[in-house]
Enquirer: 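Here you go, one structure.
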Amino acid sequence: MRAMHYLWHGLLILLLALATSGARADEPPPVAIGFYMPLIRDVPRRDVEVTLRFWVEELTKSFNLTYRPVRLYDNMNELKRDMLADEINFVVASSMAVAQHFSNAELAGGFSGVKATPEHLLLVVRRAAGIRTLTDLAGKRVLVLDQDELSEVYLKTLLMKASLSPSRLAAIKKEKRSNSLVLQLFFNQGDAALINRNAFEIARTMNPQIGERLEVLEAYTFKARASGTGLFSARVSPEHRDFITQAALKIGTTARGRQLLDIYQADTMVKTEVSDLTPYRDLLDTYLKLADKAGSSRP
């Protein structure tokens, strides 16, 4: 269920917060969310579409809110096109995808539900594989999350730092779910993997043997608060952005709001800032410099 809380908090909590925040003369414009589907890996698309439609219709009817239907995207180029055309004005997507497709000037701060534990990206190895440094990845099987922009860029960056080309690896295998990465590594279907911290910690808690067989190479951890983000279009006025965001942040103070946070696997609501993308932009800058030096293709 990694990233499901981004979907529900971006939608349900916003609607409830607006409904309970009180009326004002200068009402915000209809909030139009564009959601990047690769964030959701454990729920069939049809179920997502049906559930979203149900909640939007029920909540907007109950609270007499103006709200545009959430748009689901498989392609960030299409999401950006619609953002620039004002078809959507709030983006929920992976932080790396946003950093790759939007400039800071096109975005403004928003809000998101987050876990208390930062969602770092870990380089996890089988202890028996004898991997201690990046150069030890040569000839090894590496596992990564499929359609995950951060994992793709980070793996290429790590390899170039070690002067290794992907061809020097035994294989690069892609899995659709984070828990599959842990299991594949645990059962010797790979030697190293890039795994979201929360997914790894949950798996290790459920099965202590995972901690005995697998090890995190802390020196190669990519550190960031959350793997996904929610940001407004810069075209939404500061007053309206602040009004909506402040309303959303108050949801955790109510019994219903706390229940929603528990159900949708987030610990708190926080403000998001465009500056939260800095680690991702720094990684992209490092990658591009290394790629130019090595004559590699860019993502």
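For clarity, every value in this text was computed on a predicted model and none was experimentally measured.
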Enquirer: Given side-chain hydrogen bond (donor to acceptor under 3.5 Å, both in side chains), test Arg126 with Asn188 step by step and report yes or no.
Expert: CA-CA 8 Å; Arg126 285 192 308 108; Asn188 195 20; 3.1 Å; yes
Enquirer: What I want to find out is whether Arg225 reaches Glu273 closely enough, with some N-O distance under 4.0 Å, to be called a salt bridge.
Expert: no
Enquirer: Indicate yes or no for a side-chain donor-acceptor contact from Ser233 to the backbone of Arg235 under 3.5 Å, with no hydrogens or angles considered.
Expert: yes
Enquirer: Are the ring centres of Phe222 and Tyr154 closer than 6.0 Å?
Expert: yes
Enquirer: Find out if a path of hydrophobic residues (ILVMFWY) with successive side-chain heavy-atom gaps under 4.5 Å connects Val91 to Leu39.
Expert: no
Enquirer: Nearest 0.5 Å, what's the CD1-CD distance between Ile88 and Glu78?
Expert: 11.0 Å
Enquirer: Is it the case that the side chain of His101 and the backbone of Ala97 share a donor-acceptor pair, with hydrogens and angles ignored and the cut-off at 3.5 Å?
Expert: yes
Enquirer: Please evaluate residues Asp136 and Lys140 with respect to the criterion salt bridge (charged side-chain N to carboxylate O under 4.0 Å, His left out), reporting the C-alpha separation (whole Å), side-chain torsions for both, the decisive distance (0.1 Å), and the verdict.
Expert: CA-CA 8 Å; Asp136 295 329; Lys140 300 298 193 295; over 6 Å; no
Enquirer: Just wondering, do Phe35 and Leu79 contact through their side chains at under 4.5 Å, heavy atoms?
Expert: no
Enquirer: Considering only heavy atoms from C-beta outward, does the side chain of Ile33 approach that of Val92 to under 4.5 Å?
Expert: yes
Enquirer: Would you mind reporting whether Leu150 and Leu283 have side-chain heavy atoms less than 4.5 Å apart?
Expert: yes
Enquirer: Starting from the C-alpha separation in whole Å, work towards a yes-or-no answer on side chain to side chain contact (heavy atoms under 4.5 Å, CB included) for Ile202 and Val182.
Expert: CA-CA 10 Å; Ile202 290 172; Val182 180; over 6 Å; no
Enquirer: For a 4.5 angstrom cut-off between non-hydrogen side-chain atoms, does Val216 reach Leu123?
Expert: no
Enquirer: For side chain to side chain contact (heavy atoms under 4.5 Å, CB included), just list the numbers for Thr117 and Asn198, CA-CA rounded to whole Å, side-chain angles, deciding distance to a tenth of an Å, and then say yes or no.
Expert: CA-CA 7 Å; Thr117 303; Asn198 287 315; 3.6 Å; yes
Enquirer: Report yes if some heavy atom in the side chain of Ser112 is under 4.5 Å from a heavy atom in the side chain of Thr229; otherwise report no.
Expert: no
Enquirer: Please report the C-alpha distance between Glu119 and Arg197 in whole Å, then the side-chain angles of each, then the deciding distance to 0.1 Å, and finally whether the salt bridge (charged side-chain N to carboxylate O under 4.0 Å, His left out) criterion is met.
Expert: CA-CA 5 Å; Glu119 293 187 271; Arg197 176 176 178 175; over 6 Å; no
Enquirer: Does the side chain to side chain contact (heavy atoms under 4.5 Å, CB included) test come out yes or no for Arg141 and Leu169, once each step is laid out?
Expert: CA-CA 6 Å; Arg141 301 162 297 171; Leu169 304 179; over 6 Å; no
Enquirer: Within the side chain of Gln209, is there an N or O that forms a donor-acceptor pair under 3.5 Å with the backbone of Asn207?
Expert: no
Enquirer: If Ile, Leu, Val, Met, Phe, Trp and Tyr residues are connected whenever their side-chain heavy atoms lie under 4.5 Å apart, and connections chain through other members, are Met160 and Leu217 in the same group?
Expert: yes
Enquirer: Could you tell me whether a side-chain N or O of His120 sits under 3.5 Å from a main-chain N or O of Ala224, the two making a donor and an acceptor?
Expert: yes
Enquirer: How far does CD of Gln184 sit from CG of Asp191, to the nearest 0.5 angstrom?
Expert: 12.0 Å
Enquirer: Which pair of heavy atoms, one from Ser151 and one from Val144, lies closest together, and at what distance?
Expert: CB-CB, 4.3 Å
Enquirer: So, taking the atom named CG in Leu158 and the one named OG1 in Thr133, what distance separates them when rounded to the nearest 0.5 Å?
Expert: 11.5 Å
Enquirer: Can Val114 be reached from Leu277 by stepping across I, L, V, M, F, W or Y side chains whose heavy atoms are under 4.5 Å apart?
Expert: no
Enquirer: Can we call the ring centroids of Phe90 and Phe111 under 6.0 Å apart?
Expert: yes
Enquirer: Checking Glu149 against Tyr36 for the side-chain hydrogen bond (donor to acceptor under 3.5 Å, both in side chains) test, could you report, in this order, the C-alpha distance in whole Å, the side-chain angles of both residues, the deciding distance, and whether it holds?
Expert: CA-CA 12 Å; Glu149 292 86 356; Tyr36 186 46; 2.6 Å; yes
Enquirer: Can you find a heavy atom in the side chain of Leu121 that is under 4.5 Å from one in the side chain of Ile195?
Expert: no
Enquirer: Step by step, would you call Arg71 with Glu87 a salt bridge (charged side-chain N to carboxylate O under 4.0 Å, His left out)?
Expert: CA-CA 9 Å; Arg71 295 194 178 193; Glu87 296 294 329; 3.1 Å; yes
Enquirer: Going through the checks in order, is the salt bridge (charged side-chain N to carboxylate O under 4.0 Å, His left out) test met by Lys80 and Glu106?
Expert: CA-CA 10 Å; Lys80 180 175 182 179; Glu106 294 170 319; 3.5 Å; yes
Enquirer: Roughly how far, to the nearest 0.5 Å, is the CD atom of Glu201 from the CE atom of Met206?
Expert: 13.5 Å
Enquirer: Are any side-chain N or O atoms of Lys173 and backbone N or O atoms of Gln189, one a donor and one an acceptor, separated by less than 3.5 Å?
Expert: yes
Enquirer: Decide whether Tyr287 and Phe102 are clustered together by the hydrophobic rule: side chain heavy atoms of Ile, Leu, Val, Met, Phe, Trp, Tyr closer than 4.5 Å, transitively.
Expert: no
Enquirer: How far apart are the closest heavy atoms of Met37 and Asp74, and which atoms are they?
Expert: CB-OD1, 3.5 Å
Enquirer: Taking Thr272 for its side chain and Gly110 for its backbone only, find out whether a donor-acceptor pair lies under 3.5 Å.
Expert: yes
Enquirer: Does Val270 share a hydrophobic cluster with Val274, counting links as ILVMFWY side-chain heavy atoms below 4.5 Å and allowing steps through other members?
Expert: no
Enquirer: Any idea which heavy atoms bring Phe232 and Val236 closest together, and the distance?
Expert: CD2-CG2, 4.2 Å
Enquirer: Just to verify, which of Leu159, Leu155, Val153 counts as forming a side chain to side chain contact (heavy atoms under 4.5 Å, CB included) with Thr157?
Expert: Val153
Enquirer: Would you call Thr286 and Lys161 a side-chain contact if the rule is heavy atoms closer than 4.5 Å?
Expert: yes
Enquirer: Walk me through whether Leu145 and Ser178 qualify under side chain to side chain contact (heavy atoms under 4.5 Å, CB included).
Expert: CA-CA 7 Å; Leu145 199 61; Ser178 293; 4.0 Å; yes
Enquirer: Find out whether the Lys NZ or Arg CZ of Arg213 is both under 6.0 angstrom from the six-membered ring centre of Phe186 and within 45° of the ring's axis.
Expert: yes
Enquirer: Using modelled atom types and a 3.5 Å cut-off, is there a donor and acceptor pairing between side-chain atoms of Asn89 and backbone atoms of Ala32?
Expert: yes
Enquirer: Under a 4.5 Å cut-off applied to non-hydrogen side-chain atoms, are Tyr280 and Leu284 in contact?
Expert: no
Enquirer: Under the criterion side chain to side chain contact (heavy atoms under 4.5 Å, CB included), which of Val124, Leu181, Thr205, Leu185 is the partner of Phe200?
Expert: Val124
Enquirer: If you look at every heavy atom in Val98 and Ala93, which pair is closest and at what distance?
Expert: CG2-CB, 3.8 Å
Enquirer: Measure the CZ-CG distance between Arg81 and Asn77 for me, rounded to the nearest 0.5 Å.
Expert: 9.5 Å
Enquirer: Looking at Ser95 and Ala226, what are the two nearest heavy atoms and their distance?
Expert: OG-O, 3.5 Å
